[in-house]
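Every value quoted in this text rests on a predicted model; they were computed, and no experiment measured them.
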Amino acid sequence: MNEHSALVASRPVLARMEKVSEATVKRAVADLKAGNWIEVVQVGGKGGVNAYVVNSRVAWANRRDQLPTAMFTATVIADAGEQDSIGTQPLRALPALYPGEAQLPHEPAEPQPPSQPELLGVEPPPLPALRLGEKLDAATGEIKQERLSVVSQLRKIT
């Protein structure tokens with residue numbers, strides 16, 4: 001055991017590591033559990049893998065949906081023989097920012113196309129905007145005057 005006091009591994013891996021049968025691992029775990037030396041926590045439900053916790057510091061708590069959960073740190077042992085495949089290409093690294101750091105500005109990977117300057121004397125028409133007391137008729141697209149009292153108009157401003 002290490003500082004985590006917890007181990008996550010399958011029975012076949014534990015058996016290979018200790019050079020014993022899976023049945024021996026199963027009996028040993030049952031004996032340790034019966035003597036209150038370890039706590040066995042199922043990860044992934046029935047058919048998943050177990051976490052074996054020594055001197056349990058497992059914090060059982062309720063989440064928002066009221067399901068009891070346990071949170072702890074553990075050493076995880078995975079065997080290459082139990083994997084469907086193991087990729088050989090390096091994984092992409094995720095950037096991390098630490099407290100007090102800021103992201104540096106960077107240029108886009110591909111140059112952006114230049115924008116066309118406006119032609120002299122040909123300005124774009126102003127965009128339509130609604131003024132106070134006006135509303136847009138969705139059916140016709142026309143701007144119509146709302147009949148509001150002065151107090152209602154002042155409330156819209158503030």
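Among Ile38, Leu32, Val41, the single residue meeting the side chain to side chain contact (heavy atoms under 4.5 Å, CB included) criterion with Tyr52 is Ile38.
When side chains are defined from C-beta on, Val49 does not count as touching Gln42, because their heavy atoms never get closer than 4.5 Å.
Asp79 is linked by a salt bridge (Lys or Arg N to Asp or Glu O under 4.0 Å) to Arg16, counting only residues two or more places apart in sequence or in another chain. With sequence neighbours left out, Val76 forms a side-chain contact (heavy atoms from CB on, under 4.5 Å) with Val8. For Asp137, the side-chain hydrogen bond (donor to acceptor under 3.5 Å, both in side chains) partners are Thr140, Lys144, not counting sequence neighbours.
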Between Leu14 and Leu7, is the side-chain contact (heavy atoms from CB on, under 4.5 Å) condition met? List the steps. CA-CA 10 Å; Leu14 292 175; Leu7 173 72; 3.7 Å; yes
Between side-chain atoms of residues 21-28 and protein atoms elsewhere (two or more places apart, or another chain), which donor-acceptor pairs fall under 3.5 Å?
from	atom 1	to	atom 2	distance (Å)
Ser21	OG	Thr24	N	3.2
Ser21	OG	Thr24	OG1	2.9
Thr24	OG1	Arg27	NH2	3.3

Distance-only criterion, 3.5 Å: show the donor-acceptor pairs between side-chain atoms of residues 91-102 and protein atoms not counting sequence neighbours.
from	atom 1	to	atom 2	distance (Å)
Glu101	OE1	Tyr98	N	2.9

